[in-house]
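The structure appears below as C-alpha cells.
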Amino acid sequence: MAYVRWTRYLLPTWKEEPAEAEIPSHRLMLRAGLIRRVASGIYEFLPFGYRALRKVERIVREEMDAIGALEMKLPVLQPEELWRRTGRWEDFGPEMFKLTDRKGQGFALGPTHEEIITELAAREIRSWRDMPLTLYQIGEKYRDEIRPRFGVMRAREFLMKDAYSFHGSWDSLEETYRDMYTAYSRTFTRCGLVFVAVEAPTGVMGGDVSHEFMAVADTGEDEIALCSACGYAANRQVAHTEPPDPPPGEERPLELVATPGVRTVEELVEFLGVSPAQIVKTFLYVGRDGALAVLVRGDQELEETKLLQAAGDPTLRRVDDPGEAERISGAPFGFLGPIGLGIPVWADESVRDIPAAVVGGNREGYHYVGARAGRDFRVDRYLDIHRAREGDPCGRCGSPLRIRRGIEVGQIFQLGTKYSEALGATFLDRDGEERPIIMGCYGIGVSRILGAVIEQHHDEAGIIWPLEIAPFQVVIAVLRPDVPEQMELAERLASALDRAGLEVLLDDRDRSPGEKFHDAKLIGIPVLLVVGPRALQRGEVEAERRRDGAKASFPAAEDAVVRGVRELLRAELI
RNA sequence: CGGAGAGUAGCGCAGCCUGGUUAGCGCGCAGCGUUCGGGACGCUGAGGUCGCCGGUUCGAAUCCGGCCUCUCCGACCA
C-alpha cells in the first residue's frame, strides 16, 4: 500500500488568502500547503512541497549526470580566510551571512562555492590529463538579501544546484559551456517552464561570457530584451541597442548662459526651450583609477551595469555626496559638465553626434549651450551605456526590441582564471608548463524553479502541476469515506494505480464533496478521480483533468481505471 | 538603508481616534446531531502574555517613548 492517505498526511490547505503574499505562486504555495514561513526569506517545505521540490531536484540531477557532471557535496560553512584570498569577503559584503566560532575564527554560510571548489581543484588537479572535469552539488545556499521577497523566489536560504568545470583550454571550457546550455534547456523544459536564455551580466562572479535562463513571467524581477526578428535576447541591463538618431539642429558656437536654479533635464527643457535629446547629463564616478565623468543624453537613462562591465573595476561607484562632487568638478549636482574637467570622460554613443548640446557649466547657475563633443570637450571613450527601452533598435539587426519580465532560474558563466589565479589552482600542460586552470560555473535555483513553475501554471482555483514535477499524478476523492463500498473501491483503485507506477493521493477525509473538489483544484494534481454515489450507480467512477477540465467516466474496475487515467495523462506529455 | 504600512486566537480582520465589567467577528479546530456531487446546517465547546520593554493613569489592546518583527515601494542583487 504505497499510496498516500490524506488523513495520514500533512497537507494543510487554506481557504483564505494569506495577507503576507503578493504574487500568485507565493499565495498558492502557502494555500496549498507547500511551504510555511519561519522568518523573512526562510521557509519550511512541508511534505507536499518537498515532494515537488524533490521532483525538480531529480530532473536537475538526471540532466547533470547526463552530461557527465559528477555529484558531490561541499560544506556550507566556509572559512573567512578562503574568501579573503579572492577578495570576495568584502565584495560579497553584507550579503554574506558571517559568523564566528568560539576561537574567534570567521566563517561564512556559503552563498556560493567557487572558493572552496577552486581550492579543492588546486589540491586535486595537477595535470592536463585530469581535465575536463565537472563537479556539481545540490544544496542550501545562504544570502542575506537586502529584501527577501515573493516567498521562495528571493529567499535567504534556498536550494541551488551549483556546478563547476575545470579545463586546460578555452575550447574545452566552451564545449562544456555548450553542454551545460543544452542540459539547462532540457531541465527547464522538463519542468514545464517557458523560458529564454539571455546574454547576462557577470556581476560579482567575474568572467566574460554568461547566460541567464529566464522563466517568462510578468511578476519576474528581471527584465529581458528580446528581438523577434533575429532572436537576440539579453538581460535588459546589458542589452545592446543601436544609438538613437541625433536630434535635429545645426552646429553653433559654444556659449555660457546663466541658468539659475535650473538643474534637472525637465527644468532645462522648460527654461531653454530645448528637447531632452539635446541635453547631456554628466555623472561622476570614482574607482581605483580615480574620478571618471560619464555622459548620457538627456532623453536616455544611464545603465550602470553596462558601465561597470566596461570598466572592469568592481570598486567603481557613483559619486552621490555633493561635497565630493564639488571637489571634483567645482560645481554642485545639476551643473556638472564635461567642459574643462581634468578627469577622463566616457560617453554613451548617443552623445557623439548631438550638433549643439546643453551641458553643465561646472559653475553653479550656469550651463553651456552649443556644445559639441570633440570640439568643446574631449571624450576618451564612446560606448553603449544607455538603458535599453521597449522599441529601441536591436543592436544586432535594428528591429525594435521588446522588453519582457522574467524569473532568473539559472545562470551559466565562463569564469576563466579569476579564481584559479587567486587561489593558485594550476596544472601542468602537455608541454610541462604550469598554467592556471580555466573554469566555468553554472547555477540553477532549484527552489526558485518551483515558484516559477507555479507562476506560469496556475488559474483562479489553484496550481496546475506540469506532469513531471507534480507531487502526485492522481488524487482520488472518496465522497463518502464512511460508506464501505466507496472506501473499499477507492482503496482498490489506489493500489492498482500505485502498482501501475503512478503516485496516488487518496482524499479519504470526512469533508463535503465541495471541499474535496476545491482542494483538488488548489493542490493541482493532474488527474482527479471521483468515487461517489452518482457514477457508482452506473458502476462507474469519474475523472477530471486539472489542466483543461476534461472529464471522463470509466467502469469501476481496476484495469479500466488504470487505462483511463493513463489516457488522460498522455495528453499531459506534450 | 530611504519611503509607506502593519503586528489583537491557526488564517483573515474589527475594536484603538474618544482609556472603564468576562476583548469581538468570520473562517478554521473539538464533541454531538442532521447532512453529503463543486468550500452544508444546528447545538455545545476549546483556543488570546492584544509583538516586546518602559512610562502616564485609580485603571492601558486603546495615550506617550524606545525596541523588535513582518509586508509593500525604492536603491541593491548569481
Side-chain angles (χ1 to χ4, degrees), chain A residues 12-23 26-27 30-31 33 36-42 88 91-96 110-114 141-151 153-156 158 160-164 200-207 210-214 221-223 235 237 304-305 308 314 317-318 320 407-413 415 440-446 448 460-462 477-483 486 507 509-522 528 530-537 540-542 544 549 551 553:
Chain A
T13 56
W14 289 344
K15 190 158 83 177
E16 296 186 57
E17 290 289 351
E20 72 184 61
E22 203 64 15
I23 62 170
H26 188 195
R27 288 204 300 264
L30 291 166
R31 286 191 54 209
R36 292 293 183 256
R37 188 175 62 76
V38 174
S40 177
I42 301 174
R88 292 210 300 179
D91 286 356
F92 244 99
E95 210 176 304
M96 266 207 294
T112 176
H113 284 72
E114 282 78 16
K141 294 286 182 282
Y142 297 84
R143 293 189 190 176
D144 193 359
E145 292 285 348
I146 290 174
R147 177 134 106 89
R149 229 190 292 218
F150 300 152
M153 292 287 202
R154 176 166 298 272
R156 296 195 292 176
F158 58 100
M160 176 166 158
K161 184 283 306 181
D162 49 323
Y164 308 88
T202 50
V204 288
M205 304 301 287
S210 176
H211 285 86
E212 285 167 331
F213 290 79
M214 297 283 195
E221 291 191 80
D222 293 285
E223 291 185 305
N235 186 304
Q237 295 171 297
E304 198 170 61
T305 307
L308 261 40
R317 56 168 190 85
R318 175 96 162 258
D320 53 8
I407 300 160
E408 183 197 339
V409 286
Q411 184 165 13
I412 57 180
F413 299 83
L415 286 179
C441 80
Y442 319 87
I444 288 181
V446 178
R448 183 182 281 183
E460 332 66 57
V478 202
L479 298 191
R480 291 294 300 270
D482 56 322
V483 175
Q486 287 186 32
D507 186 357
R509 298 173 302 167
D510 179 22
R511 298 297 183 95
S512 72
E515 277 178 86
K516 294 190 173 203
F517 293 137
H518 276 273
D519 268 347
K521 282 223 165 77
L522 176 62
L528 166 67
V530 181
V531 175
R534 201 171 70 189
L536 222 46
Q537 281 184 338
E540 291 182 331
V541 295
E542 291 156 314
E544 185 173 331
K551 291 188 168 124
S553 292

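Only heavy atoms go into these numbers, but all of them, side chains included; no hydrogens, no water, no symmetry mates. Each chain gets a letter, A, B and so on, in the order its sequence line appears, and its residues count up from 1.
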So, the side chain of A:K161 versus the backbone of A:Y442: is there a donor-acceptor pair under 3.5 Å, distance only?
yes
Is there a Watson-Crick or G-U wobble partner for B:U56 with both distances under 3.5 Å, and which nucleotide is it?
none
Tell me whether the side-chain N or O atoms of A:E17 pair up with the base of B:G12 as donor and acceptor below 3.5 Å, since no angle test is needed here.
no
Expressed as a whole number of angstroms, how long is the span from A:D222:CG to B:A75:P?
13 Å
Given that both distances must come in under 3.5 Å, which nucleotide forms a Watson-Crick or G-U wobble pair with B:G7?
B:C68
Sticking with atom C1', work out how far B:A60 lies from B:A4, rounded to a whole angstrom.
27 Å
Out of B:G39, B:G37, B:C72, which nucleotide sits closest to the side chain of A:E22?
B:C72
Can you tell me, in whole Å, how much space there is between the C1' of B:C70 and that of B:G33?
43 Å
Considering Watson-Crick and G-U wobble pairs with both distances under 3.5 Å, what does B:C43 pair with?
B:G31
Send over the distance from A:E223 CD to B:G74 P, rounded to a whole Å.
10 Å
Would you please say whether a donor-acceptor pair under 3.5 Å links the side chains of A:D162 and A:Y164?
yes
Going by modelled atom types, is there a donor-acceptor pair between the base of B:C70 and the side chain of A:R37 at under 3.5 Å?
no
Whole-Å distance between B:C72 P and A:F150 CZ?
7 Å
Can you tell me the distance, in whole Å, between the CD atom of A:E221 and the C1' atom of B:C72?
13 Å
What's the CZ-P distance between A:R480 and B:G38, to the nearest Å?
14 Å
What I want to check is whether an N or O donor and acceptor connect the side chain of A:E16 with the base of B:G26 at under 3.5 Å.
yes
Take the protein atom CD1 of A:I146 and the nucleotide atom C1' of B:C73, then report the distance between them rounded to whole Å.
14 Å
Please measure how far the C1' atom in B:U44 lies from the corresponding atom in B:U62, and state the result in whole Å.
33 Å
To the nearest angstrom, how far is A:I42 atom CD1 from B:U69 atom C1'?
13 Å
Under a 3.5 Å limit on both distances, the Watson-Crick or wobble mate of B:G74 is B:C1
If pairing requires Watson-Crick or G-U wobble contacts with both distances under 3.5 Å, which nucleotide is the partner of B:U21?
none
N/O donor-acceptor pair under 3.5 Å between A:S210 side chain and A:I412 backbone:
yes
